[in-house]
Amino acid sequence: MRILLSRAGRALPVVAAAAALAAVTALPAATASASVASPVVRAAVGDEAPYIVTVHKDVDPATVARMVGASPDYVYRTALHGFSARLSPGQVAALHVIPGVESVQEDGGVSSFGTAG
């Protein structure tokens with residue numbers, strides 16, 4: 001009788017693990033039929049739109065943002081030297097005449113379909 005209890009005691013964790021594995025593997029099938037929510041889009045404030053501004057390496061991006069009264073969402077200093085912020089048309093125009101500003105591009109979604117040829 002003692003052997004049966006110890007075997008049963010060893011089998012219980014295996015049964016529990018198998019049940020947990022079955023529950024986890026069933027999750028993707030259950031969620032695959034659920035509708036996919038569309039991405040959340042941040043509402044524009046007034047006439048502002050999101051932009052990415054790049055500046056020369058010897059220019060401080062945060063200083064350029066302050067010059068036009070912008071509050072940067074991010075300041076980039078590694079792969080890109082610049083900042084991103086929501087800018088009004090007047091701020092965009094002002095950035096185009098500041099020495100050291102390389103580009104002012106409206107930020108938008110990026111996607112890739114198909115294969116590179």
Side-chain angles (χ1 to χ4, degrees):
M1 183 74 140
R2 189 170 203 189
I3 295 174
L4 287 177
L5 289 177
S6 76
R7 285 184 185 165
R10 285 188 298 228
L12 186 57
V14 174
V15 171
L21 181 60
V24 170
T25 55
L27 285 177
T31 58
S33 63
S35 64
V36 176
S38 61
V40 176
V41 178
R42 193 166 98 178
V45 178
D47 58 351
E48 294 179 341
Y51 281 84
I52 295 177
V53 179
T54 57
V55 299
H56 291 283
K57 293 285 183 189
D58 59 342
V59 177
D60 180 36
T63 301
V64 173
R66 282 193 298 275
M67 290 172 70
V68 296
S71 298
D73 294 325
Y74 301 101
V75 175
Y76 305 104
R77 298 185 193 275
T78 307
L80 179 70
H81 195 72
F83 65 93
S84 64
R86 297 192 71 78
L87 303 172
S88 69
Q91 290 170 315
V92 171
L95 284 166
H96 282 292
V97 297
I98 294 176
V101 173
E102 293 179 346
S103 70
V104 181
Q105 298 290 321
E106 190 166 2
D107 192 6
V110 177
S111 63
S112 175
F113 296 98
T115 60

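Nothing fancy with the numbering, it's 1 onward along the sequence.
Annotation: the span from His56 atom NE2 to Glu102 atom CD amounts to 5.0 Å, rounded to 0.5 Å. With rounding to the nearest 0.5 angstrom, the OH atom of Tyr74 is 13.5 Å from the CG atom of Leu80. The structure places NE2 of His81 at 13.5 Å from OH of Tyr76, a figure rounded to the nearest 0.5 Å.
Residues that satisfy the side chain to side chain contact (heavy atoms under 4.5 Å, CB included) test with Ser88, not counting sequence neighbours, are Asp47, Glu48, Gln91. For Asp60, the side chain to side chain donor-acceptor pair (under 3.5 Å) test picks out Thr63, Arg77, with sequence neighbours left out.
Between Ala85 and Ala70, the shortest heavy-atom contact is CB-CB, 4.4 Å. Nearest heavy atom pair, residue Tyr51 against residue Leu87, reads CB-CD1, 3.5 Å. Contact detail for Pro50 and Arg86: the closest heavy-atom pair is CD-NH1, 3.6 Å.
For the pair Ile98/Val59, no side-chain contact is recorded, criterion being any heavy-atom separation below 4.5 Å from C-beta on.
Under the 4.5 Å side-chain heavy-atom criterion for Ile, Leu, Val, Met, Phe, Trp and Tyr, Val68 and Ile52 are members of distinct hydrophobic clusters.
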